[in-house]
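Indexing begins at 1, ligand by ligand and atom by atom, following the structure's order. As the structure is a prediction and not an experimental result, all values here were calculated from the model. Count residues from 1 along the sequence.
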Amino acid sequence: MKDIQGALSQFLDQVQRRNPGEPEFHQAVKEVLESLRPVLSARPEFIEEGILDRLVEPERQVIFRVPWVDDQGRVRVNRGYRIQFNSAIGPYKGGLRFHPSVNLGILKFLAFEQIFKNSLTSLPMGGGKGGADFDPKGKSDGEVMRFCQSFMTELARHIGADTDVPAGDIGVGAREIGFLFGQYKRLRNEFTGVLTGKNLGWGGSLIRPEATGYGAVYFAQEMLATRDSSLEGTRCVISGSGNVAQFTAEKLLDLGAVPVSFSDSDGTIYDAEGITREKLEFVKTLKNVKRGRIREYADKFSAEFRADATPWAIPCDCVFPSATQNELDEDDARTLLDGGCRVVSEGANMPCTPEAVDLFVKKGILYGPGKAANAGGVSTSGLEMSQNSMRMSWSREEVDGRLREIMTNIHRNCHETAETYGAPGNYVIGANIAGFVKVAEAMRDQGVV
Ligand code: NDP
Ligand code: 2IT
């Protein structure tokens, strides 16, 4: 055990040295590797055969210029990326993020997480991620379209239905997927399932828009069931107000829970009376059609707006962080615990800092890490790929039933793996080990590639 510890810390030092200026990537690698200690002790071949060395090195990273012309006729230039991290168990799969903060380190952390998440889904998908430092906020539809067309003009040569299948993430929703798909089709003259998250009329899957949020709630339900408890009547804090946040709220309402907050980068709304279906419809139109700010909710309904604040000070039973990475730190975790929080199900990727995660785990509350809890989105993308391959579309009930079953299986797998490796109830260890072993074994089977 001591040797493993020494080898791991040397290994992490090396990852930091070889990938300077990428703190989020270091954070994601450290979290996964530290969880793997028990499996690496039991199966030293994973170290001896260089599996870890290969696992932290992306198979391919593409960085490219994205020039486009704005509405004033001015030339603008953004930087585009696609990280094709690991294809041991299937074609690269993962979203595209358009946000001014996007850089190589952030996309590498997201692609790295995606490897294990996709492995947990039980579907044949490798790990990838991409995006650009483009900010869709305040841009006209025409500008977004021209940007997407330019982005796809380069990306098209690197992706394909059996090679790499991107989807949405922050700043990339149905509108952007439409523009990207249109340009791919035009360049390649083929109508294939090269992207997921497509609209229904041209190859999309029912339930894909809902899937990440619904899945995060299903995961919370499963965690609560281990303690003979349920979501009914619980007060739930949600951060973000985009795709994941909206459908988290919708499923919570279906199950008799009470969502009380949303947020965006300007602040938080707290609706102590509860966000109803009618109020949720307002948020969907506000965010998806009018592209407005969440503070307008407080103007419209009698709710509080907390400028520049996150929602973690609101007392609650359950929390669904659904905005971005490292949005919840140790102090926030302590405040939440003091306020009675006993469930955290991560809709976002890596929203809790390592110190916050440690505190949740130490206090023994139900903490579902993103790579397990938010895997419903990519799982349903996998189901969209299956439907595209078969040239068929399944009903809402069929897809939702499969999503439900996948989330139940992910939960069971994480729960049982944690127990097998001596950490009962620790979903971090369960998710990381279960996700890793499948990929590591596939890499061994396929030789040194
Ligand atoms: P959206 O773009 O639809 O919504 C993002 C929301 O988060 C917005 O309310 C946005 O506010 C807020 N936000 C984003 N960045 C920041 C920031 N730096 N500070 C404060 N608020 C911020 O994205 P999604 O809902 O799709 O994604 C949310 C999270 O879920 C991300 O972590 C993503 O990686 C993860 N995820 C998404 C999946 C999907 O299928 N879409 C699948 C699995 C995980 P504002 O508008 O002000 O920027
Ligand atoms: O983080 C994620 O899992 C996503 N953004 C969804 C990826 C996908 O391919 O559906």
Chemist: For ligand 2, which is the ligand I care about here, please tell me if A167 has any N or O atom under 3.5 Å from one of the ligand's N or O atoms.
Modeler: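 No, A167 has no N/O under 3.5 Å of an N/O on ligand 2.
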Chemist: Which residue and atom name correspond to the protein heavy atom nearest atom 14 (C) of ligand 1, and how close is it?
Modeler: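 Result: I170 CD1, 4.0 Å.
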Chemist: Check this for me, if you would: do E222 and R404 make a salt bridge, where the nitrogen-to-carboxylate-oxygen distance has to be below 4.0 angstrom?
Modeler: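 Judged by the 4.0 Å cut-off on N to carboxylate O distance, E222 and R404 do form a salt bridge.
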Chemist: When you check the gap from the basic side-chain N to the acidic O, do E296 and K290 get nearer than 4.0 Å?
Modeler: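 Looking at E296 and K290, the cut-off is not met.
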Chemist: Would you say G171 has any N or O atom under 3.5 Å from an N or O of ligand 1, going by distance alone?
Modeler: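 By distance alone, the answer is yes.
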Chemist: Tell me whether A245 reaches ligand 1 (any heavy atom closer than 4.0 angstrom to a ligand atom).
Modeler: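 Judged by the 4.0 Å heavy-atom criterion, A245 does not count as contacting ligand 1.
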Chemist: State the atoms of ligand 1, each with its element, that fall below the 4.0 Å cut-off from a heavy-atom position in H99.
Modeler: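 In order of numbering, the contacting atoms are 15 (N).
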Chemist: Classify the ring geometry of Y367 against F360: parallel below 30°, tilted from 30° to 60°, perpendicular beyond 60°.
Modeler: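 Answer is parallel, since the angle falls under 30°.
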Chemist: Is there a polar contact between ligand 1 and N243, counting only N or O atoms under 3.5 Å apart?
Modeler: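 Yes, at least one N or O pair falls under 3.5 Å.
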Chemist: Checking contacts here: is it the side chain or the backbone of T212 that comes within 4.0 Å of ligand 1, counting heavy atoms only? Could be both or neither.
Modeler: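 Side chain only.
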Chemist: Any side-chain to backbone donor/acceptor pair from T163 onto I159? Under 3.5 Å, distance only.
Modeler: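 Flag not set: sc T163 to bb I159 has no pair under 3.5 Å.
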Chemist: Would you call E57 and R54 a salt bridge, taking side-chain N to carboxylate O under 4.0 Å as the test?
Modeler: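 So E57 does not pair with R54 through a salt bridge.
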Chemist: Does T212 approach ligand 2 within less than 4.0 angstrom via side chain, backbone, both or neither, non-hydrogen atoms only?
Modeler: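 Under 4.0 Å from ligand 2, T212 contributes no heavy atoms.
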Chemist: Salt-bridged, D71 to R76, with N to O below 4.0 Å?
Modeler: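 No.
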Chemist: Would you say the side chains of D400 and Y218 form a donor-acceptor pair under 3.5 Å?
Modeler: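 Yes.
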Chemist: For F151 together with F134, are the ring centres under 6.0 Å from each other?
Modeler: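 No, the ring of F134 stays outside the 6.0 Å limit from the ring of F151, centre to centre.
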Chemist: Are the side chain of N86 and the backbone N or O of G126 linked by a donor-acceptor pair below 3.5 Å?
Modeler: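 No, N86 side chain to G126 backbone: no donor-acceptor pair under 3.5 Å.
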Chemist: Is the closest heavy atom of Q325 to ligand 1 under 4.0 Å?
Modeler: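 No.
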Chemist: Which protein heavy atom lies closest to atom 2 (C) of ligand 2, and at what distance to 0.1 Å?
Modeler: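 For atom 2 (C) of ligand 2, the nearest protein heavy atom comes out as K117 NZ, 3.3 Å.
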Chemist: Give the contacting part of R293 toward ligand 1: side chain, backbone, both or neither, where contact means a heavy-atom distance below 4.0 Å.
Modeler: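 Looking at R293 and ligand 1, just side chain atoms fall under 4.0 Å.
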Chemist: With atom 32 (O) of ligand 1 as the reference point, say which of T310, N288, V283, N349 has the nearest heavy atom.
Modeler: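 Answer by nearest heavy atom: N349.
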Chemist: For atom 46 (O) of ligand 1, which candidate among E346, K137, E176 holds the nearest heavy atom?
Modeler: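 Of the listed residues, K137 has the closest heavy atom.
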Chemist: By number and element, which atoms of ligand 2 are closer than 4.0 Å to a non-hydrogen atom of G168?
Modeler: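 The atoms of ligand 2 under 4.0 Å from a heavy atom of G168 are 4 (C), 5 (N), 6 (C).
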Chemist: Could you tell me whether R277 and E281 make a salt bridge, using a distance below 4.0 angstrom between a side-chain N and a carboxylate O?
Modeler: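 Between E281 and R277 there is no salt bridge, as every charged N stays at least 4.0 Å from the carboxylate O atoms.
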Chemist: Nearest to atom 10 (O) of ligand 2 by heavy atom, G197, A111, G347, S381: which?
Modeler: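 The option holding the nearest heavy atom is S381.
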Chemist: Going by the atom numbers of ligand 1, which of them fall below 4.0 Å from some non-hydrogen atom of G240?
Modeler: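 Those atoms are 9 (O).
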Chemist: Examine distances only and state if a side-chain atom of S345 and a backbone atom of V217 form a donor-acceptor pair shorter than 3.5 Å.
Modeler: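 Checked: no pair found.
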Chemist: Quick check on contacts: which atoms of ligand 1 are under 4.0 angstrom from a heavy atom of D169?
Modeler: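 Ligand 1 atoms under the 4.0 Å threshold to D169: 26 (O), 33 (C), 34 (O), 36 (N), 37 (C).
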Chemist: Please test Y297 against Y270 for ring pair (Phe, Tyr, Trp, His ring centres under 6.0 Å), starting from the C-alpha separation and ending with a verdict.
Modeler: CA-CA 10 Å; Y297 181 105; Y270 174 33; over 10 Å; no
Chemist: Just let me know how S322 lines up against ligand 1, side chain, backbone, both or neither, with a heavy-atom cut-off below 4.0 Å.
Modeler: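 Answer for S322: backbone.
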Chemist: Taking 4.0 Å as the limit for heavy-atom contacts, which would you say applies to M125 with ligand 2: side chain only, backbone only, both, or neither?
Modeler: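 Contact part for M125 vs ligand 2: neither.
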Chemist: Counting only N and O atoms by type, is there a donor-acceptor contact under 3.5 Å from the side chain of D329 to the main-chain atoms of T353?
Modeler: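 Flag not set: sc D329 to bb T353 has no pair under 3.5 Å.
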Chemist: Around atom 25 (O) of ligand 1, find the nearest protein heavy atom and jot down its residue, atom name and distance.
Modeler: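 Looking at atom 25 (O) of ligand 1, the protein heavy atom closest to it is V244 N, 3.0 Å.
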Chemist: For atom 9 (O) of ligand 2, what is the closest protein heavy atom, and at what distance to 0.1 Å?
Modeler: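 Closest protein heavy atom to atom 9 (O) of ligand 2: K93 NZ, 2.7 Å.
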Chemist: Does R208 come within less than 4.0 Å of ligand 2, judged by its heavy atoms?
Modeler: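 It does; at least one heavy atom falls under 4.0 Å.
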Chemist: Give the numbers and elements of all ligand 2 atoms closer than 4.0 Å to a heavy atom of D169.
Modeler: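 In order of number, 1 (O), 5 (N).
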Chemist: Counting only heavy atoms, which portion of S263 has something under 4.0 Å from ligand 1: side chain, backbone, both, or neither?
Modeler: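 Only the backbone of S263 comes within reach of ligand 1.
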Chemist: Applying a 4.0 Å heavy-atom criterion (strictly less than), which segment of R208 is in contact with ligand 1: side chain, backbone, both, or neither?
Modeler: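 Within the 4.0 Å criterion, R208 contacts ligand 1 through side-chain atoms alone.
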Chemist: Is it true that a side-chain atom of E384 and a backbone atom of G197 form a donor plus acceptor pair closer than 3.5 Å?
Modeler: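 Checked: pair present.
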Chemist: So is G370 close enough to ligand 2, meaning a heavy atom under 4.0 angstrom away?
Modeler: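 In this structure, G370 fails to qualify as a contact of ligand 2 - no heavy atom is under 4.0 Å.
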Chemist: Does M350 come within less than 4.0 angstrom of ligand 1, counting non-hydrogen atoms of the residue?
Modeler: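 False for this residue.
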Chemist: Checking a contact table here: which protein heavy atom is nearest atom 4 (O) of ligand 1, and how many Å away?
Modeler: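 Sorting protein heavy atoms by distance from atom 4 (O) of ligand 1 puts G242 CA, 3.3 Å first.
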Chemist: Within the distance-only criterion (no hydrogens, no angle test), does the side chain of E113 pair as donor or acceptor with the backbone N or O of M350 below 3.5 angstrom?
Modeler: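 Side chain of E113 to backbone of M350, a donor-acceptor pair under 3.5 Å: no, none is there.
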Chemist: Please list, in number order, the atoms of ligand 1 under 4.0 Å from a heavy atom of A348.
Modeler: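 So the answer, numbered in order with elements, is 29 (C), 30 (O), 32 (O), 35 (C).
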Chemist: Under 4.0 Å, counting heavy atoms only: does K129 come that close to any atom of ligand 2?
Modeler: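 The answer is yes, since K129 has a heavy atom less than 4.0 Å from ligand 2.
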Chemist: Do the side chain of T212 and the main chain of N374 share a donor and acceptor less than 3.5 angstrom apart?
Modeler: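 Not confirmed, T212 side chain does not pair with N374 backbone.
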Chemist: Just jot down the ligand 1 atoms closer than 4.0 angstrom to any heavy atom of S241, in number order.
Modeler: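 Answer for ligand 1: 9 (O).
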Chemist: Heavy atoms only: which of G292, G370, G347, P351 lies closest to atom 44 (C) of ligand 1?
Modeler: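 Among G292, G370, G347, P351, the closest heavy atom to atom 44 (C) of ligand 1 belongs to G347.
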Chemist: For the pair N426 (side chain) and A418 (backbone), establish whether a donor and an acceptor sit closer than 3.5 Å, ignoring hydrogens and angles.
Modeler: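 The answer is no, because no donor-acceptor pair under 3.5 Å joins these two groups.
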Chemist: In the protein, what heavy atom is nearest to atom 7 (C) of ligand 2, and what distance, to one decimal place, separates them?
Modeler: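 Scanning the protein heavy atoms, the shortest distance from atom 7 (C) of ligand 2 goes to G95 N, 3.5 Å.
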Chemist: Should the proximity of R97 to ligand 1, defined as any heavy atom under 4.0 Å, be assigned to the side chain, the backbone, both, or neither?
Modeler: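 It is the side chain that gets close, since no backbone atom is under 4.0 Å.
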Chemist: Just checking F112 against F85, ring centres under 6.0 Å apart?
Modeler: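 Yes, ring centres under 6.0 Å apart.
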Chemist: Distance-only, no hydrogens or angles: does the R146 side chain make a donor-acceptor pair with backbone N or O of V69 under 3.5 Å?
Modeler: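 Checking the backbone N and O of V69 against the side chain of R146, a donor-acceptor pair under 3.5 Å is found.
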Chemist: Which protein non-hydrogen atom lies closest to atom 17 (C) of ligand 1, naming both residue and atom, and how far is it?
Modeler: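 Going by distance alone, atom 17 (C) of ligand 1 is nearest to T324 CG2, 3.6 Å.
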Chemist: So which protein heavy atom does atom 31 (C) of ligand 1 come closest to, and at what separation?
Modeler: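 For atom 31 (C) of ligand 1, the nearest protein heavy atom comes out as A323 O, 3.2 Å.
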Chemist: Identify, for atom 47 (O) of ligand 1, the protein heavy atom at the shortest distance, and state residue, atom and that distance.
Modeler: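 Looking only at protein heavy atoms, the one closest to atom 47 (O) of ligand 1 is S265 OG, 2.4 Å.
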Chemist: Under 6.0 Å from the six-membered ring centre of Y214 and within 45° of its axis: does the NZ or CZ of K251 meet both?
Modeler: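 Verdict for Y214: a cation-pi partner in K251.
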Chemist: Judging by distance only, is a nitrogen or oxygen of G377 under 3.5 angstrom from one on ligand 1?
Modeler: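 No; the residue has no nitrogen or oxygen that sits under 3.5 Å from a nitrogen or oxygen of the ligand.
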Chemist: Check whether any side-chain N or O of W312 sits under 3.5 Å from a backbone N or O of E327 as a donor-acceptor pair, and report yes or no.
Modeler: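 Judged by distance alone, yes, a pair lies under 3.5 Å.
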Chemist: Is atom 10 (C) of ligand 1 close to the protein, meaning a heavy atom under 4.0 Å from it?
Modeler: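 Flag for atom 10 (C) of ligand 1 set to false, no protein heavy atom closer than 4.0 Å.
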Chemist: Might you work through the side-chain hydrogen bond (donor to acceptor under 3.5 Å, both in side chains) test for K93 and T196, ending with a clear yes or no?
Modeler: CA-CA 9 Å; K93 181 85 195 86; T196 59; 3.0 Å; yes
